[in-house]
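Below you'll find the structure, written out as structure tokens, and then a few comments.
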Amino acid sequence: MEQTLGQDSPPTSGPVDKSRVLDIKPLRSLSPVFPSSSNGAAPFVCFPPSGPFPSGFAPFYPFSGSSDSGNPQTPFSMPNQPFGFATPISTAVPINSYRTANGDAGPSGKRPRGRPRLQRNTVVAEEDGFSDEQEQSTQYSSRGRKIKSMTPKRTKRGQDMNSTLPDVDTDAMVNNILESFQHMKFDASGADGDRDTVENILMINNLLRRKIALIEDSKEATSITKRPDLKAAAILMSKGIRTNARKRIGAVPGVEIGDIFYFRMELCLVGLHAPSMAGIDYMVLKTSQNEEPVAVSIVSSGGYEDNVEDGDVLIYSGQGGNLNLKDKEATDQKLVRGNLALEKSLHRGNEVRVIRGVKDPASLTGKIYVYDGLYKVQESWVEKGKAGCNVFRFKLIRVPGQPEAFTLWKSIQQWTDGITPRVGIILPDLTSGAENLPVSLVNDVDDEKGPAYFTYSPTLKFPKPVTSVEPSAGCTCHDGCVSGNSNCHCIQGNGGYLPYTSGGVLVSQRPLVHECGPSCQCSSTCKNRLSQGGLKVRLEVFKTKNKGWGLRSWDPIRVGGYICEYAGEVVDISRAEDENNNRYIFDATRTFQSAGDLPGESNEAPKVPFPLIISAKDVGNVARFMNHGCSPNVQWQAVLRGNKEYDLHIMFFALKNIPPMTELTYDYGMVPPDKVEQRKKKCLCGSPKCRGYFC
DNA sequence: TTAGTTCAGAAGTAT
DNA sequence: ACTTCTGAACTAAGT
């Protein structure tokens with residue numbers, strides 16, 4: 001590997017010199033607005049700053065651009081960890097203010113699309129003493145190239161109605177996220193990855209992307225295009241936070257068949273498929289006689305006239321020829337680049353990774369990329385495309401013996417279309433219509449006919465009816481709540497921003513999310529009511545091989561996506577103690593040993609207004625079937641509705657992108673040390689990081 | 001609601 | 001400098 005590195009790698013391979021990438025400059029003080037969450041009267045469950053967190057695990061609060069460590073409201077400032085400045089911070093990079101190649105400010109000076117562009121993005125550079133020239137910091141990608149669009153420029157926010165949002169410093173935000181992942185080692189030299197590295201890089205990327213998206217959401221439509229996906233990934237690329245950058249034939253370490261991705265750039269970051277747009281990735285193989293290109297991976301996303309015979313065969317069209325460009329004349333495809341590489345791969349017989357684009361059932365426009373494993377090119381031919389020009393076709397056959405991936409998607413489609421029945425189904429809907437989507441009950445491993453009896457309830461039951469003491473603590477936003485509205489109590493409770501992106505995903509786990517509630521005047525479609533709309537994915541309760549009943553989803557779930565509430569009866573601690581011989585207890589007061597395993601997401605303790613304990617033994621919903629996992633793919637989030645301290649709910653969100661039919665697990669958390677022995681059960685989660693038991 | 005169009009992207013490759 | 005099965009926002013067309 002070391003030998004090939006010298007050939008394949010660019011001049012600046014090797015660990016990135018951060019002192020060159022990051023240009024150290026003092027920052028304008030950006031004081032984020034920290035809410036005194038709730039009204040401060042509630043007896044919060046709090047942990048000391050040294051906390052339940054492992055040392056070296058920096059706290060992170062969304063949008064704390066420059067860590068204002070003097071702010072007493074900043075949760076869990078670590079005295080020994082001056083976060084935000086432990087690593088050099090490059091100059092501020094306000095979103096939407098990237099400079100284009102020709103030197104125009106931000107989104108190029110071309111005509112605005114749609115509505116007339118407001119007079120924004122006006123450059124006010126001298127405000128903080130930096131001229132534009134001084135601020136120019138050329139950055140380099142891991143391949144040593146200049147990144148032309150990274151030159152920062154300050155912009156001035158327009159005068160929004162009641163907007164109190166501070167400018168957000170993207171680069172400091174990045175550093176904050178990176179610090180919470182500082183136990184990870186990222187090597188820009190093209191080192192091979194492993195499962196942990198891949199998952200962490202994707203997690204960082206997703207966290208950054210969601211935060212950028214949220215900030216962009218909160219601004220007016222000043223930018224012609226918003227591409228948080230590109231921006232987040234470009235920043236990571238420039239810092240060398242990627243893995244498997246060395247091209248290779250065959251499997252990529254840390255990426256598993258069936259993994260799903262929501263953006264092309266994610267494929268690039270983990271080394272599955274390097275080009276950001278092109279469908280064919282290839283490398284030059286050098287032999288003693290000659291050198292020739294061979295294909296290493298392809299993305300089949302339906303842009304060309306591909307057709308699919310069955311799940312293990314793929315007819316892939318060559319690239320080029322202007323087939324998908326309407327304004328250009330279609331031309332014959334040429335046997336160059338990717339087309340040539342695929343042709344060479346046919347003769348060489350090497351394995352080619354295949355990533356299939358499928359329609360995201362959760363969104364009308366979105367697309368999901370499924371890694372479908374290795375294929376081989378079986379034959380190729382030329383035919384006339386729709387435009388009458390020559391098009392290359394390549395027939396690829398899946399290498400046998402690999403885990404099911406794309407065919408599983410096809411199966412699920414057939415279940416939902418009613419074409420083929422789901423094998424092992426016991427009940428089509430165990431909720432008996434209590435949820436807005438059916439939840440099937442399935443057992444295809446043994447004869448058990450179902451879990452013990454319980455009453456299905458989609459909602460949380462409080463011991464006594466809660467009566468509203470205060471007349472109205474809700475917000476008065478008639479048109480839905482938006483980030484930056486200083487008149488909206490709910491938004492202010494979340495630090496001035498919506499906790500969710502416009503795409504409907506949780507931006508990041510936080511101590512407490514303030515949603516709108518019954519007393520708010522906004523409608524049910526308000527963005528700040530994400531977890532109130534019932535189930536959004538089709539769930540299935542199924543019999544696991546060795547852990548009893550479990551929960552999984554027919555639909556893919558994206559990072560931050562809402563899954564379900566933990567419903568049941570709110571009980572006091574004594575009853576929970578009584579019932580500690582059963583598994584159906586949710587205890588929000590538990591701490592998390594695994595905080596270090598979930599960097600960037602759960603490094604702050606939940607701040608629940610009261611010690612909420614829920615029993616789902618007799619009454620509950622699908623959440624009661626979710627098993628514990630030491631490397632979970634789901635996390636819980638305390639959600640308060642309408643600023644009512646009693647209207648507290650536990651909601652589950654995806655921690656990773658979750659492929660269909662993958663068991664959903666969350667970390668049950670830790671009990672006090674003296675109770676561990678009495679409660680601990682053997683953990684069978686199967687994770688390499690398994691603690692061996694859970695409580 | 002759905003389908004099509006527009007436009008700025010980013011990285012890699014070729015020149 | 002050029003290429004490229006992006007992705008979002010927008011527009012037009014169809015119920």
Side-chain angles (χ1 to χ4, degrees), chain A residues 8-10 96 98-102 104 106-115 117 139-150 209 213 216-217 220-238 242 245 247 261-269 271 273-284 293 296-307 314-328 331 333-334 336-342 354-360 363-369 385 391-392 394 501-503:
Chain A
D8 295 334
S9 299
N96 269 349
Y98 295 93
R99 179 185 294 247
T100 57
N102 54 11
D104 292 341
S108 67
K110 291 181 184 172
R111 69 171 179 83
R113 290 168 44 76
R115 285 164 293 181
R117 180 133 59 102
Q139 303 208 20
Y140 294 85
S141 74
S142 58
R143 295 183 67 86
R145 289 199 178 76
K146 283 186 186 179
I147 295 175
K148 61 188 173 189
S149 58
M150 294 299 291
R209 181 180 49 74
E216 302 243 337
D217 287 348
E220 289 171 23
T222 53
S223 61
I224 295 171
T225 56
K226 300 175 181 176
R227 294 293 299 270
D229 57 319
L230 296 180
K231 282 171 184 149
I235 290 169
L236 295 197
M237 287 283 207
S238 74
R242 61 188 300 185
K247 284 192 184 181
F261 305 86
Y262 283 78
F263 296 95
R264 281 291 297 265
M265 292 304 293
E266 294 181 324
L267 306 178
C268 186
L269 286 170
H273 185 84
S276 57
M277 294 185 76
I280 307 170
D281 193 11
Y282 57 95
M283 64 187 285
V284 175
V296 295
S297 59
I298 58 172
V299 178
S300 167
S301 54
Y304 285 74
E305 302 162 20
D306 299 341
N307 53 2
L314 174 64
I315 308 294
Y316 191 77
S317 300
Q319 63 186 186
N322 299 328
L323 295 178
N324 52 347
L325 298 175
K326 291 288 179 288
D327 53 336
K328 285 187 187 171
T331 56
Q333 291 186 343
K334 298 191 187 71
V336 294
R337 300 184 182 212
N339 299 343
L340 180 61
L342 273 172
V354 168
I355 299 105
R356 299 215 190 214
V358 294
K359 208 175 140 234
D360 181 0
S363 85
L364 294 166
T365 55
K367 200 187 288 177
I368 298 177
Y369 299 97
V391 175
F392 288 98
F394 300 92
T501 69
S502 61

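A note on names: the letters A, B, ... follow the listed sequences, proteins ahead of strands, and every chain is numbered from 1. Remember, predicted model here, so these are calculated numbers, not experimental data.
Using a 4.5 Å heavy-atom cutoff, the side chains of A/Asp229 and A/Tyr262 are not in contact. Looking at heavy atoms from C-beta onward, A/Tyr316 lies in side-chain contact with A/Leu342 at the 4.5 angstrom threshold.
In the set B/dG12, C/dA8, B/dT13, C/dA8 carries the atom at the smallest distance from any side-chain atom of A/Phe263. Candidate nucleotides B/dT13, C/dC5, B/dA10 were compared by shortest atom distance to the side chain of A/Lys247, and B/dT13 ranks first. In the set B/dG9, B/dG12, C/dC5, the nucleotide with an atom closest to the side chain of A/Met277 is B/dG9.
Nearer to the 5' terminus of DNA chain C, by closest-nucleotide assignment, is the contact made by A/Ala278 (compared with the other of A/Ala278 and A/Ser502).
The side chain of A/Tyr282 contributes no N or O atom lying less than 4.0 Å from OP1 or OP2 of C/dT4. Not one side-chain nitrogen or oxygen of A/Ser276 sits closer than 4.0 Å to the OP1 or OP2 atom of B/dG9. The shortest distance between the side-chain N/O atoms of A/Arg227 and the OP1/OP2 oxygens of B/dG9 is not below 4.0 Å. Contact annotation: A/Lys367 side-chain N/O to C/dG7 OP1/OP2 distance is not under 4.0 Å. One finds no side-chain N or O of A/Lys231 lying less than 4.0 angstrom from the OP1 or OP2 phosphate oxygen of C/dG7. At C/dG7, one or more side-chain N or O atoms of A/Tyr369 fall inside 4.0 Å of OP1 or OP2 (strictly under the cut-off).
Look at CG on A/Leu267: it is 14 Å from P on C/dC5, rounded to the nearest Å. One can place CD1 of A/Ile298 at 16 Å from P of C/dT4, the figure rounded to the nearest angstrom. Rounded to an integer number of Å, the gap from NE2 of A/His273 to P of C/dC5 is 9 Å. Atom-to-atom, CZ of A/Phe392 to P of C/dT4 comes out at 13 Å; the value is rounded to the nearest Å.
Evaluation of the side-chain contact (heavy atoms from CB on, under 4.5 Å) rule for A/Phe392 yields A/Gln333, A/Leu335, A/Asn339, A/Val382, A/Phe394 as partners, not counting sequence neighbours. Scanning for side-chain contact (heavy atoms from CB on, under 4.5 Å) contacts around A/Ala341 gives A/Tyr282, A/Pro293, A/Ala295, with sequence neighbours left out. Applying the side chain to side chain donor-acceptor pair (under 3.5 Å) rule to A/Thr501 yields no partners; only residues at least two apart in sequence or on another chain are considered.
A distance-only check finds a donor-acceptor pair linking the side chain of A/His273 to the backbone of A/Ala278 [under 3.5 Å]. Looking at A/Arg264, its side chain does come within 3.5 Å of a backbone N or O of A/Met277 through a donor-acceptor pair.
You won't find any donor-acceptor pair under 3.5 Å spanning the side chain of A/Arg337 and the base of C/dT4, going by distance alone.
Contacts of A/Asp229 with the nucleic acid, taken as non-hydrogen atoms under 4.0 Å apart, involve only primed sugar atoms and P, OP1 or OP2.
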Intra- and inter-strand pairing of DNA chain B, written as dot-bracket with Watson-Crick and G-U pairs under 3.5 Å and | for the latter, reads ||||||||.||||..
